[in-house]
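Worksheet for the structure shown next.
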Amino acid sequence: MNAHDELLDLVAVYALGALPAQDAAHVREHMAICPECSREYARLQPAVDAVARSAEACTDPRNGAVPSELLKARIMKTVRAEAAPRPASAKSRTLWPAYAVAAAAMLIAMFATVLSMMMQSDLRQSREEVSSLTHQLAGEKKYEAAQRIMIADLMSTDAKRYPVSDGEVVRKGERLYIAMHTMPMPPKGRVYQSWTLAAGAKAMTPGPTFMPDKAGIAIVHVPQSAATLAAVAVSVEPEGGSKSPTSKPEFVVKLI
Amino acid sequence: MERVRERDAAAFEGLYDAYHRLVYGIALRVLADTAAAEDVTQAVFLKLWSSPQSYVRGNFGGWISRVTRNRALDVLRGRTAHSGAELPEAVAVDGAMEEAVLANLDAVEVRAALRRLPEDQREPIELGFFSGITHQEIAARTGTPLGTIKTRIRSGLRKLRADLRGTVAL
């Protein structure tokens, strides 16, 4: 072995980190002027790093030979306390390229349009429902008011009453009622029908058909003004009513 | 590393996740003490965070290995009042080649290659690297002539390099 071979051996020891400081300085000075030794060092350095790398294999999670999570937490606590704040927009720019933003905007616009159409349709439907309910409510209110008036008229002490079989005809001002309280059920397929005779008229005008309830009670509001009528009558008629009486009247009440 | 220099905590965490086992493994091998190895690991990574400029270029794994070894040996010498050799942390070598090598080395494969070395070559290499003693102390401890130790270290490193060449290009 010549002197230079000995130097190459020293280069290997230096690369391993096992050379005393003074000898290491001499080797560095020599490598600076010796390409062969410098190349040898470059060739051996990765092998030394490989020796270091072999120690990683000693850290086996199966036998617990790994640093604890607390170690990482301690380190990262210090690091995060000193870290530069990250601009919030930088990440979002990275995650949302322009085409994705455009696609998202288009989807949102389409969704908004569909939603708007649905809402308009719902709104239109709701308005129709409100209108229908308002109309229904008005009708119910009108009916309820008529019922209240009818009850008041029937109970009124100053109403004019015309007794008939099983009930009475009640006149209160221009309003006229047929009020039955023990009226028998008509034969099967038949109904009761009211009739009116206008003043000066020769023929009866057909009025509403009706049926008593199980207790024999029936109340009919005669639509015409009592002031214009000469008489009111009730007869038994086929279901659906008749245009002129087909049977002898149950009763006829003359109002004049 | 560029992002770590810009104080990016997420980038630093990525480095920690990639290299903490290597750092801890070297410290544990040198010190044979888990608590002391964790202290060294913490010191190495916080030094990296506080002085990222200390890493200049080349293979990061090799650099942090040398930093760790030196730090662990400082702790060991503090216990034993021993003075020995240190690895130069910044080494002037072919960074690209070294980078490719270390990036592809598998710790288990490397350890297996190390074990395939003849005992009289592997022993001085491991003593020199992990015990931090000089080649003269190795010679004295093993009862081997100094010249023989130097030659065995060089031969062993060359053989290890050649062995790993089958796995990665050294």
Side-chain angles (χ1 to χ4, degrees), chain A residues 1 5-24 27-28 31-32 38-61 64-68 70-72 74-76 78-86 91, chain B residues 6-9 12-13 16 20-22 24-26 28-29 34 37-38 41-42 45-46 49 59 61-62 65-66 69 84-88 91 93-94 97-98 101-102 105 107-108 110-111 113-114 125-126 128-130 132-136 138 147 150-151 153-154 157-158 160-161 164 170:
Chain A
M1 179 179 288
D5 283 338
E6 288 185 12
L7 278 171
L8 287 170
D9 284 348
L10 278 180
V11 166
V13 177
Y14 170 76
L16 186 64
L19 210 56
Q22 190 174 355
D23 294 340
V27 169
R28 279 197 294 274
M31 284 197 299
S38 183
R39 280 196 299 274
E40 181 70 356
Y41 177 76
R43 278 196 293 267
L44 296 180
Q45 184 58 54
V48 174
D49 288 338
V51 174
R53 176 71 66 159
S54 72
E56 187 179 337
C58 301
T59 59
D60 187 348
V66 290
S68 69
L70 288 176
L71 172 65
K72 180 179 179 181
R74 281 201 304 272
I75 293 171
M76 291 309 300
T78 301
V79 167
R80 290 195 180 101
E82 299 172 357
R86 297 184 67 187
K91 190 174 182 181
Chain B
E6 294 170 358
R7 318 302 284 164
D8 185 332
F12 178 87
E13 188 172 11
Y16 179 89
H20 75 283
R21 285 186 61 197
L22 172 63
Y24 179 79
I26 294 169
L28 186 61
R29 185 75 188 274
T34 55
E38 286 205 354
T41 303
Q42 180 170 335
F45 278 102
L46 289 183
W49 176 248
N59 170 45
S65 294
R66 291 186 285 277
R69 175 186 181 265
E86 276 203 352
L87 281 172
V91 292
V93 296
D94 185 341
M97 181 190 73
E98 201 183 19
V101 169
L102 263 291
L105 283 180
V108 176
V110 169
R111 196 174 193 202
L114 199 57
I125 287 173
E126 291 192 313
F129 190 85
F130 292 114
I133 60 178
T134 67
H135 64 311
Q136 294 152 335
I138 295 169
K150 288 189 288 186
T151 301
I153 287 174
R154 184 184 174 206
L157 289 176
R158 290 175 69 96
L160 181 62
R161 176 181 182 275
L164 291 172
L170 284 175

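This one's a predicted model, so the numbers in the text were calculated from it and none came from an experiment. Every chain is numbered from 1 and lettered A, B, ... according to where its sequence line falls, protein lines coming before strand lines.
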Nearest-0.5 Å distance, CH2 of residue B/Trp49 to CE of residue A/Met76: 7.5 Å

Taking all atoms of both residues into account, what is the closest heavy-atom pair of A/Ser54 and B/Leu114, and its distance? OG-CD2, 3.7 Å

Using non-hydrogen atoms and a 4.5 Å limit, figure out which bit of A/Glu40 sits close to chain B: side chain, backbone, both or neither. side chain

May I ask you to say whether B/Arg111 pairs ionically with A/Glu56, meaning some side-chain N is under 4.0 Å from a carboxylate O? no

Can you give me the closest heavy-atom contact between A/Ala18 and B/Ile133, atom names plus distance? CB-O, 3.6 Å

If every non-hydrogen atom of B/Gly128 is compared with every non-hydrogen atom of A/Leu16, which pair is closest and at what distance? CA-CD2, 4.0 Å

Drop me the distance from B/Arg161's CZ to A/Gln45's CD, to the nearest 0.5 angstrom. 12.0 Å

Ignoring hydrogens, what is the shortest heavy-atom contact between B/Arg69 and A/Gly17? Give both atom names and the distance. NH2-O, 3.0 Å

To the nearest 0.5 Å, tell me how far A/Leu8 CG sits from B/Lys150 NZ. 11.5 Å

Drop me the distance from A/Ile75's CD1 to B/Tyr16's OH, to the nearest 0.5 angstrom. 4.5 Å

Locate the shortest heavy-atom distance separating A/Ala83 from B/Ala9; write the atom from each residue and the value. CB-CB, 3.6 Å

Please round to the nearest 0.5 Å and tell me the distance separating atom CZ of A/Arg43 and atom CZ of B/Arg154. 8.0 Å

B/Arg158, B/Gln136, B/Glu6, B/His20: which one forms the most heavy-atom pairs within less than 4.5 Å of chain A? B/Arg158

With B/Phe130, which residues qualify under ring-ring contact (aromatic ring centres under 6.0 Å, His included), at least two apart? none

Is chain A contacted by the side chain of B/Ile26, its backbone, both, or neither, given a heavy-atom distance below 4.5 Å? both

B/Leu46 versus chain A, the contacting section by heavy-atom distance below 4.5 Å: side chain

Not counting sequence neighbours, which residues clear side-chain contact (heavy atoms from CB on, under 4.5 Å) with A/Arg74? List them please. A/Leu70, A/Leu71, B/Glu38, B/Gln42

Looking only at non-hydrogen atoms, find the nearest pair between B/Arg66 and A/Asp49 and report the distance. NH1-OD1, 3.1 Å

Just so I know, are the side chains of B/Leu157 and A/Val48 near enough to count as touching, which here means a heavy-atom distance under 4.5 Å? yes

